[in-house]
2 protein chains.
Amino acid sequence: MGKSDTATPRQRYRAQVRTEIKEHAWKQIAEAGASALSLNAIAKQMGVSGPALYRYFAGRDELITELIRDAYRSLADAVHAVAATGADPAGIAHVLREWARTDPQRYFLIYGTPVPGYHAPEEITGISQEIMADLLTACAALEPDAPATPFADHLADHRDWAGGHPAPPAALHRVLTFWTRLHGVLSLELAGHFAGMGFDPARLYEAEVDALRAPLGRAPGGLRS
Amino acid sequence: MGKSDTATPRQRYRAQVRTEIKEHAWKQIAEAGASALSLNAIAKQMGVSGPALYRYFAGRDELITELIRDAYRSLADAVHAVAATGADPAGIAHVLREWARTDPQRYFLIYGTPVPGYHAPEEITGISQEIMADLLTACAALEPDAPATPFADHLADHRDWAGGHPAPPAALHRVLTFWTRLHGVLSLELAGHFAGMGFDPARLYEAEVDALRAPLGRAPGGLRS
DNA sequence: CGTTTGCGTGATACCTTCTAACGAAACTTT
DNA sequence: AAAGTTTCGTTAGAAGGTATCACGCAAACG
């Protein structure tokens with residue numbers, strides 16, 4: 001299956017060990033977070049000596065970078081799978097929550113506390129734009145002639161990040177709002193900030209998904225003017 | 001001034017060294033994040049031996065816990081200072097953003113990636129409720145007779161976290177939305193996820209603050225029914 | 001079947017947190 | 001003021017982490 005047939009035995013072995021290392025890494029991350037990831041512990045679990053892993057990853061940082069890349073890839077695939085069925089933003093939102101709750105630490109690897117000085121490789125920003133493209137398509141289809149908000153006007157002049165996607169400014173605004181609002185609920189929920197509060201986070205998430213169906217500007221019945 | 005006069009010299013000295021340690025800790029956190037905080041490095045900067053710090057903090061965890069507590073305290077004070085002037089939620093939102101941008105790592109210490117297994121001490125949940133109380137008062141005053149949303153009905157049965165505050169269910173919903181939406185924009189901005197995108201994060205934040213003025217339910221002009 | 005390539009090892013250097021034992025300084029009590 | 005007690009800072013060391021190095025050996029290749 002795939003290109004593993006054409007590769008040399010050395011390459012096949014190398015790839016297999018690399019994925020095995022990453023599997024153990026994910027297990028550690030899920031249990032104790034990314035900060036507790038230890039090459040030494042992985043080596044011990046695999047029954048090999050510590051320095052052996054340096055044949056496969058230049059160091060802890062490269063391993064984590066690879067894990068981040070895989071996490072982005074997984075999220076992009078999950079989003080694209082549902083977007084390809086013609087799902088609306090609400091459908092994507094539910095897939096996003098499922099994906100995040102499957103492995104909270106994987107979500108935090110992408111959207112969690114950044115390490116000062118770390119810069120994502122070019123490849124990752126590419127995957128990020130894949131996700132944006134699916135979101136833009138879904139949001140543009142939802143309400144083709146939504147009224148342009150003041151912020152949407154600002155976005156009309158700063159739409160480089162959309163990568164040439166033909167979505168109208170209102171859709172750009174909606175995508176960013178989709179992203180920030182759902183991330184707001186999700187990250188606080190996964191971080192346990194709602195823990196002792198009693199209410200059901202799923203309903204708050206649902207309320208925000210519902211709100212995203214409404215037009216984004218100041219609502220007509222709103223306060224002041 | 002204060003109680004430092006009544007304390008014994010030993011207690012005064014101890015408190016002074018503790019705050020000095022914490023100042024160096026904040027400097028390190030601001031520069032390299034909480035994960036890079038090193039007791040040894042602090043000791044070196046203070047011109048003192050490593051284990052000396054253990055006279056003042058039981059360990060790295062206790063120091064970080066104390067920093068988290070101070071961060072919460074600082075945020076609660078900032079919010080309360082502006083809330084006491086009768087500011088509306090938008091005013092609090094601006095103070096929140098100022099506070100967060102002053103020291104992003106301090107914000108992430110509170111709302112960033114959680115360490116699995118860590119549980120916040122009782123005192124911190126108390127400070128958290130102080131903030132909630134100010135938010136509830138501001139939101140309840142904004143729109144006293146806002147229509148109750150489905151989620152607000154759910155909150156009416158789960159309002160323990162409000163700590164007996166007399167705010168109506170619609171205000172409870174508004175407070176949670178205030179929290180999650182602003183955190184969504186802020187955390188992504190501070191984490192640098194908007195970095196190469198070109199638009200102005202302040203305007204997105206402002207757009208969300210504006211949206212919080214509108215009623216929370218499905219807007220009348222919304223899609224589907 | 002020889003050569004080459006690459007893998008895993010132990011030794012080593014340098015970090016980290018944290019404990020233990022000791023000497024000195026400072027505060028308290030007599 | 002002198003003696004006693006508490007507390008502080010030190011050095012030494014254990015345990016564990018990242019990462020580099022030289023070495024031996026086995027597997028792949030020609």
Side-chain angles (χ1 to χ4, degrees), chain A residues 3-29 31-68 105 115-118, chain B residues 3-29 31-68 109 115-118:
Chain A
K3 59 185 172 186
S4 57
D5 292 343
T6 66
T8 71
R10 279 254 148 90
Q11 287 173 320
R12 269 185 290 136
Y13 178 74
R14 195 177 169 73
Q16 184 198 327
V17 174
R18 272 177 73 98
T19 59
E20 189 180 349
I21 291 174
K22 289 199 282 188
E23 283 169 11
H24 285 276
W26 279 120
K27 216 169 294 175
Q28 280 195 9
I29 286 181
E31 286 167 5
S35 60
L37 195 156
S38 156
L39 287 183
N40 241 325
I42 294 176
K44 201 169 291 180
Q45 271 194 328
M46 291 176 64
V48 305
S49 197
L53 302 190
Y54 285 81
R55 298 278 178 197
Y56 302 94
F57 293 96
R60 210 187 94 113
D61 282 5
E62 188 184 293
L63 173 57
I64 289 189
T65 298
E66 184 94 356
L67 294 175
I68 293 176
Q105 291 296 331
V115 178
Y118 174 83
Chain B
K3 60 184 172 186
S4 54
D5 292 341
T6 65
T8 72
R10 276 254 148 89
Q11 287 173 320
R12 269 185 289 134
Y13 177 74
R14 194 178 169 75
Q16 184 198 328
V17 175
R18 272 178 73 98
T19 60
E20 189 179 349
I21 291 174
K22 289 200 279 187
E23 281 168 13
H24 286 276
W26 278 119
K27 217 170 295 175
Q28 279 195 10
I29 285 181
E31 287 167 3
S35 60
L37 195 158
S38 156
L39 286 182
N40 242 325
I42 294 177
K44 201 169 293 179
Q45 270 194 328
M46 292 176 63
V48 85
S49 199
L53 302 190
Y54 285 81
R55 298 276 178 200
Y56 303 93
F57 292 96
R60 210 187 95 114
D61 282 4
E62 188 183 297
L63 174 56
I64 290 189
T65 298
E66 184 93 357
L67 295 174
I68 293 177
L109 211 54
V115 177
Y118 175 83

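Given the structure is predicted, the values throughout are model-derived calculations rather than measurements. Just the heavy atoms: all of them, side chains too, but no hydrogens, waters or symmetry mates, feed the values below. The sequence lines fix the lettering, A, B, ..., with proteins before strands; numbering per chain opens at 1.
Contact check for B:Ile42 versus B:Val48: no side-chain heavy atoms found under the 4.5 Å cut-off. Using a 4.5 Å heavy-atom threshold, the side chains of A:Tyr56 and A:Thr19 count as separate. Contact of the B:Phe57 side chain with the B:Leu39 side chain is not registered, since no non-hydrogen atoms from C-beta on lie closer than 4.5 Å. B:Arg60 is listed as a side-chain neighbour of B:Ile64, based on a closest heavy-atom distance under 4.5 Å. Residues B:Leu63 and B:Leu37 form a side-chain contact, since some pair of their non-hydrogen atoms from C-beta on lies under 4.5 Å apart. Contact check for A:Arg18 versus A:Glu66: side-chain heavy atoms found under the 4.5 Å cut-off.
B:Lys44 has its NZ atom 11 Å from the C1' atom of C:dT16, to the nearest Å. The interatomic distance linking A:Tyr13 (OH) with C:dT5 (C1') rounds to 15 Å, in whole Å.
Formation of a donor-acceptor pair under 3.5 Å by the B:Ser49 side chain with backbone atoms of B:Ala52 is not found in this model. A:Gln28 places a side-chain N or O within 3.5 Å of a backbone atom of A:Ser38 that can act as its donor or acceptor partner.
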* When every nucleotide of nucleotides 17-30 of chain C is labelled 5' to 3' by its protein contacts under 4.0 Å (heavy atoms), B for base, S for sugar-phosphate only, - for none, what sequence of letters results? -> BBB-B----SS---
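The outermost nucleotides of DNA chain D lying under 4.0 Å from heavy atoms of chain A, listed 5' to 3', are D:dG17 to D:dC29.
Contacts of B:Tyr56 with the nucleic acid, taken as non-hydrogen atoms under 4.0 Å apart, involve only primed sugar atoms and P, OP1 or OP2.
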